[in-house]
Amino acid sequence: DGGITQSPKYLFRKEGQNVTLSCEQNLNHDAMYWYRQDPGQGLRLIYYSQIVNDFQKGDIAEGYSVSREKKESFPLTVTSAQKNPTAFYLCASSITGGRGEAFFGQGTRLTVV
Amino acid sequence: AQSVTQPDIHITVSEGASLELRCNYSYGATPYLFWYVQSPGQGLQLLLKYFSGDTLVQGIKGFEAEFKRSQSSFNLRKPSVHWSDAAEYFCAVAHGSGNTGKLIFGQGTTLQVKP
């Protein structure tokens, strides 16, 4: 079945560490997105990519980095520069040139310990 | 700047009662509008979408939504709520020049269903 797989489901980070969240899709979508979800704030866009080897900052990119070396994969690194990384992270994909209909993964909950 | 507002943070309805979740958007052009549902600790599932044409759109699980341009609204409705509908609901609009597919989300409405 086609879909988006995020791993791990739960992730714990110590202060000062970088961690990488995985996102893989087999929907053959060109565009991929990372959103951050905090209680009462909806979802906010971190980074997005419309094509391999290209990506753009979203509304809250500070403290995060991404890469897009393969069409299927769009990993997100939460760096030590992100001061408040505890959140639920959602990866999504869509057709480039489509109308924004995005398909979401099951999310990764990151907690700083 | 584009924005989406869901005025109701939390709504409680009795099972079998009707439901309406409100969504207002701010967008210069004709928007692409969506409603997503999220169960606790899960990803988002698309309920329905509006691109153009008929302003009343049908979605999955018996949900429908009506686009009203004059009111900048896209309210979600269901005639009879089931206990399994308890979840968080997000309204979203697609924006961006060149149609990047980026979504702007409202803050979400948590639906509780009483037996």
Side-chain angles (χ1 to χ4, degrees), chain A residues 3-11 21 23 25 27 29-51 54-61 74 87-111, chain B residues 1-10 21 23-25 27 29-53 57 59-60 65 67 74 87-110:
Chain A
I4 301 177
T5 301
Q6 291 186 241
S7 62
K9 188 170 178 63
Y10 300 95
L11 187 58
L21 284 60
C23 178
Q25 56 99 358
L27 299 168
H29 287 166
D30 288 307
M32 297 186 74
Y33 312 83
W34 275 105
Y35 291 90
R36 170 178 170 144
Q37 183 177 17
D38 297 283
Q41 296 193 45
L43 281 72
R44 294 178 290 167
L45 182 65
I46 304 172
Y47 269 97
Y48 66 102
S49 167
Q50 293 186 282
I51 196 169
D54 188 44
F55 48 83
Q56 286 77 40
K57 293 181 180 180
D59 301 318
I60 56 166
F74 191 41
F88 192 54
Y89 292 87
L90 287 158
C91 179
S93 70
S94 69
I95 300 170
T96 298
R99 297 173 175 177
E101 179 179 351
F103 295 84
F104 284 81
Q106 293 300 294
T108 292
R109 182 164 300 281
L110 173 63
T111 303
Chain B
Q2 296 88 356
S3 65
V4 177
T5 302
Q6 295 179 243
D8 304 305
I9 296 173
H10 192 276
L21 302 183
C23 173
N24 294 97
Y25 65 90
Y27 191 69
T30 299
Y32 299 147
L33 294 159
F34 307 86
W35 274 100
Y36 284 88
V37 61
Q38 183 184 37
S39 297
Q42 300 297 312
L44 275 66
Q45 180 183 22
L46 180 67
L47 281 176
L48 46 77
K49 59 195 176 190
Y50 172 77
F51 295 150
S52 64
V57 293
I60 62 172
F67 171 61
F74 188 56
E88 189 159 21
Y89 292 80
F90 291 95
C91 181
V93 61
H95 81 127
S97 60
N99 195 13
T100 60
K102 296 185 294 182
L103 291 169
I104 295 178
F105 286 86
Q107 302 93 321
T109 298
T110 300

Given a strict heavy-atom distance threshold of 4.5 Å, which part of [X] is in contact with chain A: side chain, backbone, both, or neither?
{"X": "L44(B)", "value": "both"}
{"X": "Q38(B)", "value": "side chain"}
{"X": "E88(B)", "value": "side chain"}

_Over 12 non-hydrogen atoms of neighbours within 6.0 angstrom of CG in L27(A)_ = yes

Pick one of side chain, backbone, both or neither for [X], based on which atoms fall under 4.5 Å of a heavy atom in chain B.
{"X": "Q6(A)", "answer": "neither"}
{"X": "L90(A)", "answer": "side chain"}
{"X": "Q106(A)", "answer": "both"}

*asked:* Using a 3.5 Å distance criterion without hydrogens, assess whether the side chain of W34(A) forms a donor-acceptor pair with backbone atoms of G58(A).
replied: no

_Would you say the rings of F55(A) and F74(A) are close, in the sense that their centroids are separated by under 6.0 Å?_
no

*Check whether any side-chain heavy atom of S94(A) sits under 4.5 Å from a side-chain heavy atom of Y33(A), and report yes or no.*
yes

*asked:* Test of understanding: with salt bridge (charged side-chain N to carboxylate O under 4.0 Å, His left out), list the residues that count as partners of D8(B), not counting sequence neighbours.
replied: R22(B)

